[in-house]
Asks: 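Have a look at this one before I ask anything.
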Amino acid sequence: MATEAVSPQLKVLITREQIARRVTELSAEISRDFAGQSIILVGVLKGAAVFLSDLARQVTLDATFDFISVSSYGEGTESSGEVRLNKDVDSSMDGKNVILVEDILDTGLTLTYLRKVFLAHKPRVLKIAALLDKKPRRIVDVPADYVGFTIPDEFVVGYGMDYAERYRNLPDICILPPELQ
Ligand code: IMP
Ligand code: MG
């Protein structure tokens, strides 16, 4: 699907080819780090669903999926920092190798909250995989173990990421210009 056909104002920041290459590298890294072990990939709904499905299919490990859902109080493109857990994991994390899969690390408030929630589940190892890292926006420091791309302070959509639930199905990662926000 051509991104321009959906909205000509969107500017492609990271192409589907670049995403595919980087996801392959991240999958290889995870497969090496956990060689001979099993992992649980926990996706943060809904934004990380596309990334998780691509990542999971290239990981050469015994892997299971789980999903959580959070919402941060606040409107539009700003995270308020107050996070609510809408859906917890279905399976036990106790003693397991858990990789938390997130679409984008922005202020770091969501992942800081999620790390606390997950560490309380007593995993053997907890790693964080974030497709995008918007470094200039960081408020709290979060250790991300697998990062796809570092991006500038722009609002992005596509490859799972939305603006008001739109654009998640775009195959490329695009910048949403301020006039569309
Ligand atoms: P944080 O708590 O500020 O790190 O917020 C991270 C969450 O905000 C991500 O998981 C996304 O759901 C959302 N978010 C932050 N920046 C963007 C963006 O540019 N596009 C789409 N969602 C974003
Ligand atoms: Mg998210």
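Counting starts at 1 for both ligands and their atoms, following the listed order. One-based numbering along the sequence shown.
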Asks: Does the side chain of Thr15 pick up a donor-acceptor pair with the side chain of Asp172 at under 3.5 Å?
Replies: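 Judged by distance alone, the side chains do not pair up.
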Asks: Is the shortest side-chain N to carboxylate O distance from Arg124 to Asp94 below 4.0 Å?
Replies: no
Asks: For Thr107, take its heavy atoms, then give the atoms of ligand 1 lying under 4.0 Å from any of them.
Replies: 1 (P), 2 (O), 3 (O), 4 (O)
Asks: Could an N or O of ligand 1 be found under 3.5 Å from any N or O of Phe155, whether backbone or side chain?
Replies: no
Asks: Regarding atom 15 (C) of ligand 1: of the candidates Ile173, Asp106, Val142, which has the closest heavy atom?
Replies: Asp106
Asks: Taking salt bridge (charged side-chain N to carboxylate O under 4.0 Å, His left out) as the test, write out the residues that go with Asp88, two or more places apart.
Replies: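 Testing Asp88 for salt bridge (charged side-chain N to carboxylate O under 4.0 Å, His left out), a comparison that skips the adjacent residues, returns none.
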Asks: Answer with side chain, backbone, both or neither: which part of Val83 has a heavy atom less than 4.0 angstrom from an atom of ligand 1?
Replies: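 Neither; nothing of Val83 gets under 4.0 Å from ligand 1.
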Asks: Is Val156 in contact with ligand 1, taking contact as a heavy-atom separation below 4.0 Å?
Replies: yes
Asks: Rounded at 0.5 Å granularity, tell me how far OG in Ser27 sits from CZ in Arg32.
Replies: 11.0 Å
Asks: Out of curiosity, Ile40 CD1 to Asp62 CG, how far, rounded to the nearest 0.5 Å?
Replies: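 So the CD1 of Ile40 and the CG of Asp62 are separated by 10.0 Å.
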Asks: For Leu109, take its heavy atoms, then give the atoms of ligand 1 lying under 4.0 Å from any of them.
Replies: 2 (O), 4 (O)
Asks: What residues, two or more places apart in sequence or in another chain, satisfy salt bridge (charged side-chain N to carboxylate O under 4.0 Å, His left out) together with Asp54?
Replies: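 Asp54: salt bridge (charged side-chain N to carboxylate O under 4.0 Å, His left out) contacts with Arg57.
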Asks: Taking only non-hydrogen atoms of Ile104, do any sit less than 4.0 angstrom from ligand 1?
Replies: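 In this structure, Ile104 qualifies as a contact of ligand 1 - some heavy atom is under 4.0 Å.
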Asks: Going by an N to O cut-off under 4.0 Å, is there a salt bridge joining Glu165 and Lys46?
Replies: yes
Asks: Nearest heavy atom to atom 10 (O) of ligand 1 wins, so pick from Arg137, Arg168, Glu102, Lys46.
Replies: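 Going through Arg137, Arg168, Glu102, Lys46 one by one, Glu102 has the nearest heavy atom to atom 10 (O) of ligand 1.
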Asks: Is it true that Val44 lies under 4.0 Å from ligand 1, counting heavy atoms only?
Replies: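 Outside the 4.0 Å threshold, so no.
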Asks: Closer than 4.0 Å to some heavy atom of Lys134 - which atoms of ligand 1 meet that?
Replies: 16 (N), 17 (C), 18 (C), 19 (O)
Asks: Below a 4.0 angstrom heavy-atom separation, can you tell me which part of Glu154, side chain or backbone, both or neither, approaches ligand 1?
Replies: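 The part of Glu154 near ligand 1 is the backbone, not the side chain.
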Asks: Can a side-chain donor-acceptor contact be found between Ser71 and Asn86 if the only test is distance below 3.5 angstrom?
Replies: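 Side chains of Asn86 and Ser71: pair found under 3.5 Å.
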Asks: Measuring from non-hydrogen atoms of Gly47 to any atom of ligand 1, is the shortest distance under 4.0 Å?
Replies: no
Asks: Does one side chain, of Asp33 or Tyr146, offer a donor that lies under 3.5 Å from an acceptor on the other?
Replies: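 Yes, Tyr146 and Asp33 have a side-chain donor paired with an acceptor closer than 3.5 Å.
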Asks: Counting only nitrogen or oxygen atoms and a 3.5 angstrom limit, does Asp162 reach ligand 1?
Replies: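 Not met; the criterion fails.
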Asks: Numbering the atoms of ligand 1 from 1, which are under 4.0 Å from a heavy atom of Asp103?
Replies: 9 (C), 10 (O), 11 (C), 12 (O)
